[in-house]
Peer 1: 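A single structure is presented below for examination.
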Amino acid sequence: MAQTTPNHTQTVAGWAAHETSGEITPYTFKRRENGDTDVTIEILYCGICHTDLHQAKNDWGITTYPIVPGHEITGIITKVGKKVENFKVGDRAGIGCLAASCLDCEFCKSSQENYCDQLQFTYNGVFWDGSITYGGYSKMIVADYRYVVHVPESLPMDAAAPLLCAGITVFTPLKDHNLIESPRKKIGVVGLGGLGHVAVKFGKAFGHHVTVISTSPSKEKEARERLGADGFIVSSNPKQMEAGKRTLDFILDTVSADHGLGPILELLKVNGTMVIVGAPGKPLELPAFPLIFGKRTIKGGIIGGMKETQEMMDLCGKYNISCDIEVVKPDNINEAFNRLAKNDVKYRFVIDIAGNSSNL
Ligand code: NAP
Ligand code: ZN
């Protein structure tokens, strides 16, 4: 059992990786008592983000083992501390990537906690009390209420879980570029995975023309028919890439693996912007010419702030947007990891942590 700080008295059953193979095995550990500003959540579902796989395998070289991944968490509040505002026992709650921040800097004060330089994540982070944070591949979590959101009644708890990371990560760049409920634009989504499929849904819900740029021709039919994509470009097809040049106002790149940025940048109109949210372990190739000839901008973004996360959840409730998921049992996490590594999921695995049916 893991060593913890003295007030970590609650024994929790979870699942962890212990070394770079990333293999997940049952793991029992301790969480802190519910403090004055904490809520305790019985976890029902947790999405499997590609970040979980990167971190379990130490792709980014920053993993502290054992690691209990999981930052797409939905569940029911079972305890509230006496200083908690806005939450009560029985509430449907969600936790994403953030566990703590300084609460005092310009970013925290404007609810861009995700850019606080003392930001700590839901797993593989260090909480205020010095303990290592453990994520949602576990039965229960204690979280400071300032990093918890409400899950609208209209959303199913399983299909809503991936919104907590995949959803907010693609929502924030759209919002930053005035693409929420704004005049129709042509937007591109690179990589039709967990993040990408939510981006397509948002793009369509907000009235845009959406083109998927993919390495998987097999995803075209569903992208068009089920997700409503207007265009589909196979990135390895030179004819399609040529025809797509200078057609898009905005591109969101969600790719988890190495890929060149030049050909994708060419798809942007002059003055277009591409936001990278995918996080491959190695540096990406970025040629100067597509940037300078098109006066194009390339930038990045990490998840989103707490206020925006609640705003996104509420909009998903309003538009009835949730994720296309495949629910797996905790015993099958390794199988899900292997399939995710092989790009074999449409479009997000969600772990049924509590062993419930999916109709909560
Ligand atoms: P995912 O479900 O595996 O989707 C990634 C997609 O990338 C795949 O579906 C695939 O789409 C495409 N792809 C895979 N291998 C490729 C290759 N070799 N070349 C080109 N495209 C390839 O992963 P995810 O959970 O959406 O996460 C995507 C990335 O975002 C990960 O790196 C993750 O760590 C990162 N992330 C970042 C943030 C943030 O805050 N910035 C938040 C969450 C996740 P096609 O089959 O359509 O090509
Ligand atoms: Zn994630």
Side-chain angles (χ1 to χ4, degrees), residues 46-60 62-63 69-73 94-98 112-115 119 121-124 135-137 161-173 176 188-201 211-224 227 229 232-237 241 252-261 263-264 275-282 284-285 299-305 308-309 323-326 336-350:
C46 185
I48 299 183
C49 179
H50 207 115
T51 297
D52 302 350
L53 190 58
H54 288 306
Q55 293 268 32
K57 290 178 180 281
N58 198 18
D59 281 353
W60 301 333
I62 55 168
T63 301
H71 55 209
E72 296 185 336
I73 301 165
I95 297 178
C97 302
L98 311 190
Q112 298 177 78
E113 302 88 347
N114 48 321
Y115 293 107
L119 174 66
F121 291 112
T122 298
Y123 65 83
N124 201 39
Y137 293 13
L163 296 173
L164 277 311
C165 172
I168 185 62
T169 299
V170 298
F171 178 82
T172 304
D176 283 351
V189 175
V190 191
L192 193 61
L195 270 58
H197 94 286
V198 188
V200 174
K201 289 189 179 200
T211 299
V212 173
I213 300 110
S214 172
T215 59
S216 308
S218 62
K219 292 182 182 172
E220 174 163 8
K221 191 168 186 294
E222 245 187 37
R224 288 184 188 274
L227 302 174
F232 194 96
I233 295 177
V234 178
S235 50
S236 58
N237 181 322
M241 290 296 281
L252 203 52
D253 183 337
T254 74
V255 173
S256 53
D258 189 23
H259 62 296
L261 298 178
I264 299 169
V275 178
I276 295 191
V277 290
K282 296 205 178 103
L284 299 175
E285 191 189 314
K299 60 198 276 198
I302 187 161
I303 34 176
E308 250 164 34
T309 307
C323 306
D324 290 14
I325 59 166
E326 184 174 332
F337 268 18
N338 289 336
R339 284 184 50 200
L340 180 61
K342 285 189 271 176
N343 194 7
D344 173 24
V345 51
K346 285 179 179 165
Y347 289 95
R348 193 55 126 201
F349 289 113
V350 171

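Counting convention: from 1, in listed order, for ligands and their atoms alike.
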Peer 1: Looking only at distance, does G301 have an N or O less than 3.5 Å from an N or O of ligand 1?
Peer 2: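 Yes.
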Peer 1: Report yes or no: does R339 contribute a side-chain atom to a donor-acceptor pair with the main-chain N or O of D344 at less than 3.5 Å?
Peer 2: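 A pair under 3.5 Å: yes.
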Peer 1: Give the numbers and elements of all ligand 1 atoms closer than 4.0 Å to a heavy atom of C165.
Peer 2: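 Listed by number with element, the hits are 42 (C), 43 (C).
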Peer 1: For D324, what residues pass the salt bridge (charged side-chain N to carboxylate O under 4.0 Å, His left out) criterion, not counting sequence neighbours?
Peer 2: K201, R226
Peer 1: To the nearest 0.1 Å, how far is atom 7 (O) of ligand 1 from its closest protein heavy atom, and which atom is that?
Peer 2: V255 CA, 3.6 Å
Peer 1: Among protein heavy atoms, which lies nearest atom 42 (C) of ligand 1, and at what distance?
Peer 2: T169 OG1, 3.2 Å
Peer 1: Is there at least one pair of N or O atoms, one from H50 and one from ligand 1, spaced under 3.5 Å apart?
Peer 2: yes
Peer 1: Can you figure out which of I276, V198, T51 has its heavy atom closest to atom 34 (O) of ligand 1?
Peer 2: T51
Peer 1: Do C49 and R348 have side chains that approach each other closer than 4.5 Å (heavy atoms only, starting at C-beta)?
Peer 2: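 Yes. Closest side-chain heavy atoms under 4.5 Å.
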Peer 1: Does an N or O anywhere in W60 fall below 3.5 Å from an N or O of ligand 1?
Peer 2: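 No.
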Peer 1: At a cut-off of 2.8 Å, list the protein N/O/S atoms near the Zn ion (ligand 2), residue plus atom name.
Peer 2: C49 SG, H71 NE2, C165 SG
Peer 1: I need the L252 CG to T172 OG1 distance, nearest 0.5 Å.
Peer 2: 10.0 Å
Peer 1: Considering only non-hydrogen protein atoms, determine which one is nearest to atom 8 (C) of ligand 1 and report residue, atom name and distance to 0.1 Å.
Peer 2: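 Of the protein heavy atoms, N343 OD1, 3.5 Å lies nearest.
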Peer 1: Applying side-chain contact (heavy atoms from CB on, under 4.5 Å) to L227 and L192, what does each step give before you reach the verdict?
Peer 2: CA-CA 10 Å; L227 302 174; L192 193 61; 4.0 Å; yes
Peer 1: So which heavy atom on G70 is nearest to which on D52, and how close?
Peer 2: N-OD1, 3.7 Å
Peer 1: Quick check: do I325 and P162 have side-chain heavy atoms less than 4.5 Å from each other?
Peer 2: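 Of all side-chain heavy-atom pairs linking P162 with I325, at least one is under 4.5 Å.
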Peer 1: Counting each atom of ligand 1 from 1 as listed, which ones have a heavy atom of L340 under 4.0 Å away?
Peer 2: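 It comes down to these atoms of ligand 1: 2 (O), 3 (O).
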Peer 1: Any idea which atoms of ligand 1 are less than 4.0 Å away from a heavy-atom of S214?
Peer 2: 45 (P), 46 (O), 47 (O), 48 (O)
Peer 1: Return the residue, atom name and 0.1 Å-rounded distance of the protein heavy atom closest to atom 26 (O) of ligand 1.
Peer 2: L195 N, 2.8 Å
Peer 1: State the atoms of ligand 1, each with its element, that fall below the 4.0 Å cut-off from a heavy-atom position in G194.
Peer 2: 1 (P), 2 (O), 4 (O), 26 (O)
Peer 1: Taking the minimum heavy-atom distance to atom 30 (O) of ligand 1, which of G47, C49, A223, G278 ranks first?
Peer 2: G278
Peer 1: Nearest protein heavy-atom contact for atom 4 (O) of ligand 1: which residue, which atom, what distance?
Peer 2: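 Scanning the protein heavy atoms, the shortest distance from atom 4 (O) of ligand 1 goes to G193 CA, 3.3 Å.
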Peer 1: Below the 3.5 angstrom mark, is there an N/O of A257, backbone or side chain, next to an N/O of ligand 1?
Peer 2: no
Peer 1: If we only count N/O pairs under 3.5 Å, is V277 in contact with ligand 1?
Peer 2: yes
Peer 1: What protein heavy atom is closest to atom 14 (C) of ligand 1, reported as residue, atom name and distance in Å?
Peer 2: S256 OG, 4.0 Å
Peer 1: The test is side-chain contact (heavy atoms from CB on, under 4.5 Å); show your working for T51 and H71 and say whether it passes.
Peer 2: CA-CA 9 Å; T51 297; H71 55 209; 3.8 Å; yes
Peer 1: Of the protein's non-hydrogen atoms, which lies at the shortest distance from atom 20 (C) of ligand 1, and what is that distance?
Peer 2: T215 CG2, 3.3 Å
Peer 1: Show me which atoms of ligand 1 lie under 4.0 Å from any heavy atom of I303.
Peer 2: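 Listed by number with element, the hits are 39 (C), 40 (O).
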Peer 1: Can you sort out which atoms of ligand 1 are near S216, meaning under 4.0 Å from one of its heavy atoms?
Peer 2: 45 (P), 46 (O)
Peer 1: Assess whether side-chain contact (heavy atoms from CB on, under 4.5 Å) is satisfied between L164 and I73, documenting all intermediate values.
Peer 2: CA-CA 7 Å; L164 277 311; I73 301 165; 5.9 Å; no
Peer 1: Applying salt bridge (charged side-chain N to carboxylate O under 4.0 Å, His left out), name anything that partners K221, two or more places apart in sequence or on another chain.
Peer 2: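 Once residues adjacent in sequence are excluded, the partners of K221 under the salt bridge (charged side-chain N to carboxylate O under 4.0 Å, His left out) criterion are E225.
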Peer 1: Looking only at distance, does L192 have an N or O less than 3.5 Å from an N or O of ligand 1?
Peer 2: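 Indeed, backbone or side chain, L192 has an N or O that close.
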Peer 1: Taking all non-hydrogen atoms of both residues, which atom of C165 and which atom of E72 are closest, and how far apart?
Peer 2: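 It is CB-OE2, 3.3 Å.
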Peer 1: Please round to the nearest 0.5 Å and tell me the distance separating atom CD of E222 and atom OG of S216.
Peer 2: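 Output value for this atom pair is 11.5 Å.
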Peer 1: Just verifying a value: how many Å separate F121 CZ and I303 CD1, rounded to the nearest 0.5 Å?
Peer 2: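 Answer rounded to 0.5 Å: 5.0 Å.
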Peer 1: Given 3.5 Å as the limit, does a donor-acceptor pair link the side chain of D59 with the main chain of G281, or not?
Peer 2: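 Absent.
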Peer 1: Do any N/O atoms on H54 end up under 3.5 angstrom from N/O atoms on ligand 1?
Peer 2: yes
Peer 1: For atom 12 (C) of ligand 1, grab the closest protein heavy atom and report residue, atom and distance to one decimal in Å.
Peer 2: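 For atom 12 (C) of ligand 1, the nearest protein heavy atom is G191 CA, 4.0 Å.
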Peer 1: Run the numbers on E308 and N114 for side-chain contact (heavy atoms from CB on, under 4.5 Å), then give the verdict.
Peer 2: CA-CA 11 Å; E308 250 164 34; N114 48 321; over 6 Å; no
Peer 1: Only counting residues at least two apart or in another chain, list the ones meeting salt bridge (charged side-chain N to carboxylate O under 4.0 Å, His left out) with R224.
Peer 2: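 Residues passing salt bridge (charged side-chain N to carboxylate O under 4.0 Å, His left out) with R224: E220.
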Peer 1: Using modelled atom types only, decide if a donor and an acceptor are shared between the side chain of S214 and the backbone of G191 within a distance under 3.5 Å.
Peer 2: no
